[in-house]
Amino acid sequence: LIGMRGAGKTTLGRGVAEILGFDFDDLDEVITRAANGKLPPQIVAEQGWDAFRKLEADCFQSAASVAAARKGKILACGGGIIETAPAMDIMRCHNPVILIDRHIDDVVATLEADPAAQVHRASLGEHPRDTYKRRLPKYEEVANFRFPIAKGEKDLSSLTTSFARFVNIALGRAIPSTVSDSFFISLTAPDYAQVSPEILRSAASNADTLEFRVDLLESLEPENVIHQAALIRRSAPGTPLLFTVRSVDHGGKFAGSEDEYFKLNFLGLQLCAELLDVECTWSEPRIADLVAKRGPSLLVGSYHNFGRMLNRTELKDVFQRCMLSGAAAIAKVVVKAEAREDNWTVQEVGKATTPDSAAFIGLCLGEAGKLSRVLNQVMCPSMHPSLAPGAPGQMSVTELLETRQALGLMGTSRQFAVIGPWEGEAPKTSAAASLSLRLLQAAFKALQLPHVAVQDFARSSEEASRLLALASTGGAVLLGPLTSQLASEAWADVSYVDCVVQRNGKLTGHCCKSERLKERLQPLGSKRTAAILGERGDPAACVAGLHAVGFQRIVTATPCEEPDVEVVQDLSKVKDLDALIYMGMEMPLEKLQQSLTEICQSNKPMVIDMSLQMAPTWLSELAKKSDCQMVSSEVFLLEEMLAWFRAWHIEAKADVLKEVVAKELVNFREASQQARQAWT
């Protein structure tokens, strides 16, 4: 992380490292450790700036090497790291370098508000504004990405979460889905400081993506574009941005040169726009240069002809050009309809020309072309009632969905999400989320389904609801606190939900884990006491299932926040034990085996393994030797996954999913084992 002192590099970096589960280091602290406890101003006072800069570059080299060697580390650099050539060279070879771009007025206000807090910093020798003006070109030169902070922003919690999402995008871990019934809403305001945040939030609640029409801004100066992007991100957190500079030739207002066009688009890449619109009529070398530097952004190759309809040969040619030599994720062609049949023609040529690895947008303008918007399945441009349309004939998301439903034209592909807490805030839940995502991805592929599995992070039901409310979302698997938060807010009579179905804007909740547990335990003749043993699963799901089946007492030997669970010191002394739910333990294996042996031999409970750990064959052998019924983690996970698919109304062959579960569990366990060995 680079940027001016007072920009928030250390504060944001440390907070995001905790959220993402990364290590964190502050370069000033690294320097202090290397200088035997001397702070930077003391080093500068005793040895001068040149000596300090050399020490800083040496420490940066060492810290950056460690960051490159270990996965997941955030390094906050001093504001002057760009003052030396060696440090600049290191940053040019490293990716990502992120500029924390806080407005200079706010930086100065922070530095002047509490002079006592600046004692650990050496004097700049000039006013911070002069330093910023001098350093900014170098910051921009080495920064792969630029995180803008809206002027006057004071909500640190929201800002930190926003930056966590930004880092996830920069690392290529948050790629928008291109599935049926997905939409983007065009943002057409000249100044978003004058737009109510409620309007932006309302637009985001209906849209998979927000199109940021840069060409419609009052000023195209980089500073203003950056500030406007920050305002949009602040009001619509988590919603992907499509960065669009629409030229006059393509129906927009940008009338600048080719150099100016690509300069703005490179700024869009720096702002980490999830999608970037690239008009295919600009020179091929300039487009190729942009493609080579696109990073994680998906490219939308576009062509617009407001004057006439193209024939099929011409349409095929422009669709191919919009693929940007295979680099585009979406090819977008917009022409003027001259007859009703043109609506179908554009769609037919787009489908026949665009490769399966990409999506297409094929539209006709004006009233005669409205049908093309109904027919267009993926990333259909739409408008918000409180904003001006981005193009003639645009309709709202609600109008489009109602028309498609009436005509039976809803799409076939959907995104299915795994939504849980951030990795750093719940590492045990994070492992389950990773496995669930891999299972869904592998299952959709094995079953030859057009669906896409995605992962999202949420601290609240409100954050989770953004994705769940989209027409392109078919359902979701919920993990962590969301299972109870969303249940209590959406369904008055439900306390736990781990699977959600979204159909026609209506959410339905299911307790798949609890239901599977209930089905397994229902045949037991006696349901007196059940024990939950482990630290890695979701005890709330177990408690819900055990209560539903009629267990009178639930105990555990590990800390548990569930109110109906009794914590006991020694499970081996528990009598009348009819069910044992094993969720994985951190205690030494020998001690664990001894404890469970006593339990199983004396009570002979049904043993259900939910641990997902490295092949606990000892547990199945113990259950067999003790004459206990045993449900392995593979079997239980398969049954749970089948329950997801039934809830989502997806036909799935059990034998196919069985192979998927077996393969992905092996991969998951091997990866977990390697991670533990690497950590050790």
Side-chain angles (χ1 to χ4, degrees), residues 16 18-22 71-72 161-179 182 208-209 237-240 272 274-275 296-298 329 413-445 449-470 472-483 485-486 497-502 507 512-513 536-538 612 637 640-641 644-645 647-648 650 660-661 664-665 667-668 671-672 675:
V16 168
E18 291 178 2
I19 290 174
L20 298 181
F22 292 173
K71 183 180 179 181
T161 303
S162 178
F163 186 46
R165 292 188 180 279
F166 187 94
V167 172
N168 249 4
I169 300 167
L171 295 174
R173 306 198 305 178
I175 301 174
S177 300
T178 51
V179 293
S182 52
D208 296 75
T209 299
T239 302
C272 221
E274 289 88 341
L275 300 103
S297 298
L298 299 183
S413 64
R414 288 289 181 269
Q415 60 180 343
F416 289 85
V418 177
I419 309 178
W422 292 92
E423 297 103 309
E425 296 179 336
K428 294 173 184 176
T429 301
S430 173
S434 175
L435 175 60
S436 299
L437 180 67
R438 290 173 58 168
L439 285 170
L440 289 179
Q441 290 171 335
F444 292 152
K445 183 177 180 180
L449 294 171
H451 306 309
V452 175
V454 299
Q455 185 172 9
D456 197 17
F457 305 96
R459 285 171 163 167
S460 66
S461 57
E462 183 181 359
E463 289 182 20
S465 295
R466 188 202 75 78
L467 194 61
L468 292 175
L470 299 177
S472 60
T473 299
V477 174
L478 303 180
L479 297 160
L482 287 174
T483 55
Q485 289 178 9
L486 192 64
V497 167
D498 57 16
C499 178
V500 175
V501 186
Q502 198 277 111
L507 293 181
C512 292
K513 197 181 294 290
R536 300 187 176 188
D538 192 341
L612 307 179
L637 185 56
E640 187 179 2
M641 197 172 180
W644 297 344
F645 278 63
W648 295 333
I650 298 175
V660 167
V661 169
E664 292 305 322
L665 261 183
N667 294 338
F668 172 75
S672 299

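Looking only at distances, no side-chain donor or acceptor of D208 sits under 3.5 Å from a matching main-chain atom of S472. Looking at E664, its side chain never comes within 3.5 Å of a backbone N or O of L435 through a donor-acceptor pair. Between the side chain of S434 and the backbone N or O of S430 there is no donor-acceptor pair closer than 3.5 Å. Listed for the S465 side chain is no donor-acceptor partner under 3.5 Å among the backbone atoms of L468. Although no hydrogens or angles enter the test, the distance criterion places no donor-acceptor pair under 3.5 Å between the side chain of E274 and the main chain of P176. Remark: the backbone N or O of P421 is not paired with any side-chain donor or acceptor of E425 at under 3.5 angstrom.
Between the CG atom in D498 and the CD1 atom in I419 there is a gap of 12.5 Å [rounded to 0.5 Å]. We find the CG-CD distance between L486 and E462 to be 12.0 Å, quoted to the nearest 0.5 Å.
Here Q441 pairs with nothing under the side-chain hydrogen bond (donor to acceptor under 3.5 Å, both in side chains) rule; sequence neighbours left out. Residues satisfying the side-chain hydrogen bond (donor to acceptor under 3.5 Å, both in side chains) test with S413, not counting sequence neighbours, are S180.
Using a 4.5 Å cut-off on side-chain heavy atoms (C-beta onward), R173 and L20 make contact. Looking at heavy atoms from C-beta onward, F457 lies in side-chain contact with E423 at the 4.5 angstrom threshold.
Below 30°, between 30° and 60°, or above 60°: for F645 and F444 the angle between ring planes is between 30° and 60°, a tilted geometry.
The minimum heavy-atom distance linking C499 with W648 is given by the pair SG-NE1, 3.6 Å. Of all heavy-atom pairs spanning C272 and A170, the tightest one is SG-N, 3.6 Å. Nearest heavy-atom pair across N667 and R438 is CB-NH2, 2.8 Å.
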